[in-house]
Amino acid sequence: MAGQNLMQTVKPSPHLQGEVLLPGDKSISHRVAILDSLSQGKSTIKNFAPGRDCWHTVTCLKALGVPIQILKSQSTLSLSVSGRGRMGFREPRDVLYAGNSGTTMRLLSGLLAAQPFLSIITGDASLRGRPMSRLIEPLRLMGAEIWGREQDLLAPLVIRGRALHGAEIPLTIPSAQIKSAILLAGLFAQGNTVLYQSVKSRDHTERLLTAMGAKLDTDGNHLCLSPLTMPLSSISFRVPGDLSSAAYFLVAGAIHSNARITVRACGINPTRTGIIDALVAMGAKIQMRNERMEVGEPLADITVESSELRGIEMGGGIIPRIIDELPILAVAACVARGRTVIRGAGELRVKESDRIAAMLKELGKMGADIEELADGMIITGGKRLRGAKVDSHSDHRLAMSLAIAGLLATGETIINRAQVTQISYPAFWQELQRLVERA
Ligand code: S3P
């Protein structure tokens with residue numbers, strides 16, 4: 001990420017007590033901004049994710065002619081979106097820029113494949129290194145004209161929008177970004193779009209589409225989307241807190257010997273709660289209260305207390321439900337008694353950084369015992385971590401995971417390129433500080 005380098009120092013704290021303010025859920029924020037733009041009518045989205053990733057989605061939608069107003073209050077962000085209807089977007093006058101955000105690039109590409117104009121979309125160096133053939137290939141099955149650099153492997157992507165047709169598409173990678181891109185394209189296709197997912201990934205797009213009046217049938221692992229005959233109805237709502245951001249504090253609370261931390265109004269969509277299941281299986285004391293629903297999305301207040309964790313083995317269907325939380329889970333595993341084995345998580349290698357290699361290297365500097373697997377890692381816990389100079393690899397989830405490791409380590413941990421938390425949790429360092437000071 002461009003801008004001034006931030007070297008953040010983290011020291012062990014005798015207590016961790018209090019409530020943490022969460023940002024709005026990033027995955028839901030991207031989707032609701034896109035779908036409200038496509039709807040007919042005006043909507044207000046409260047507690048919109050404040051990080052750079054969702055900001056890129058908003059900027060791209062504005063470049064496509066969607067009037068979006070940003071309303072800032074003390075600690076939260078709201079959007080007012082004037083939906084343009086089914087075919088109301090205009091050709092962007094310049095290259096669209098998705099920054100570090102895979103969700104922006106992939107979801108918008110599905111939408112743009114069906115618009116009657118040319119779009120080019122690019123991103124930062126990390127995003128331009130991430131695989132795009134997984135997006136291009138299924139969209140082509142629907143008739144899309146979309147190309148990428150290096151024989152359709154990488155972004156920038158060039159999309160000549162055109163009329164699409166429905167297709168039967170097997171999702172070979174359990175990726176919600178690809179599934180959502182296909183569903184967005186399918187809204188405009190002639191005929192039904194049928195998707196087969198052998199493993200279920202996050203389903204926010206499906207829930208929102210249903211709430212907005214699209215015809216989407218689910219039968220086991222099949223999804224069948226009918227093209228839109230009427231515009232989507234706009235929805236206004238308050239985005240739940242982001243469980244992926246809460247995860248840093250849930251782990252901190254569980255592994256610290258004198259902690260009690262609460263997060264409120266946090267999303268607990270079952271396609272995202274792998275981190276809670278894994279922590280509970282490791283012995284974490286986690287309590288959920290006030291479970292409720294907000295436009296088809298479940299949320300709750302969650303409290304965690306100091307716990308004695310033990311290692312676990314994980315793989316298979318839980319992996320897509322915990323994929324973004326595996327770096328912080330690795331930190332929990334370093335502290336837990338015994339071995340933690342993570343398999344079937346090769347996708348970690350194509351995230352904002354190669355998260356297997358990066359965690360191995362950085363936690364290794366702190367004395368962690370981690371064995372690298374092609375698709376995961378084996379962590380032998382129970383060792384005291386020691387403070388070190390570590391690097392975020394410009395990956396927000398690494399920066400925050402290393403910060404929590406630093407809280408438990410002896411001495412000081414200095415995190416290089418710590419400004420990258422701006423991607424998903426701009427207030428992370430302040431929240432961490434508040435938690436330590438309140439103690
Ligand atoms: C996301 C899906 C996941 C996740 C990413 C956000 C989404 O990616 O890692 O941070 O909002 O759809 P994949 O769908 O590529 O697994």
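Every number for a ligand or one of its atoms is a count from 1 in the order of the listing. This structure is a prediction, so every number in the text was calculated from the model and none was measured.
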Where on Arg31 is there a heavy atom closer than 4.0 Å to ligand 1, on the side chain, on the backbone, on both, or on neither?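 Looking at Arg31 and ligand 1, just side chain atoms fall under 4.0 Å.
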Applying a heavy-atom cut-off of 4.0 Å, say which part of Lys179 lies close to ligand 1: side chain, backbone, both or neither.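 Near ligand 1, Lys179 shows nothing, with every heavy atom at 4.0 Å or more.
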Give the residue, atom name and distance (to 0.1 Å) of the protein heavy atom nearest [atom].
{"atom": "atom 1 (C) of ligand 1", "answer": "Gln177 NE2, 3.6 Å"}
{"atom": "atom 15 (O) of ligand 1", "answer": "Ser175 OG, 3.2 Å"}
{"atom": "atom 10 (O) of ligand 1", "answer": "Asp324 OD2, 2.8 Å"}

Basic-acidic side-chain contact under 4.0 Å: [X], [Y]:
{"X": "Asp395", "Y": "Lys351", "value": "no"}
{"X": "Glu137", "Y": "Arg140", "value": "no"}
{"X": "Asp354", "Y": "Arg349", "value": "yes"}

My understanding is that only one of Glu91, Met87, Arg160 makes a side chain to side chain contact (heavy atoms under 4.5 Å, CB included) with Pro116; could you say which?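 That would be Met87.
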Consider ligand 1: state whether an atom of it lies below 4.0 angstrom from any non-hydrogen atom of [X].
{"X": "His204", "answer": "no"}
{"X": "Lys351", "answer": "yes"}
{"X": "Glu347", "answer": "no"}

Test your reading of the structure: does Ala176 have an N or O sitting under 3.5 Å from an N or O of ligand 1?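 N/O-N/O distance under 3.5 Å: yes.
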Which is it for Phe249 and Phe428 under the ring pair (Phe, Tyr, Trp, His ring centres under 6.0 Å) test, yes or no, and what are the steps along the way? CA-CA 10 Å; Phe249 294 107; Phe428 175 78; 5.5 Å; yes
Counting the benzene-type ring for Trp, do Tyr97 and His56 have ring centres under 6.0 Å apart?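 Centroid distance Tyr97-His56: below 6.0 Å, so yes.
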The test is salt bridge (Lys or Arg N to Asp or Glu O under 4.0 Å); show your working for Asp324 and Lys26 and say whether it passes. CA-CA 12 Å; Asp324 291 340; Lys26 188 157 83 72; over 6 Å; no
List ligand 1 atoms under 4.0 Å from Ser27, heavy atoms only on the residue side.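 Numbered from 1, ligand 1 contributes 6 (C), 7 (C), 11 (O).
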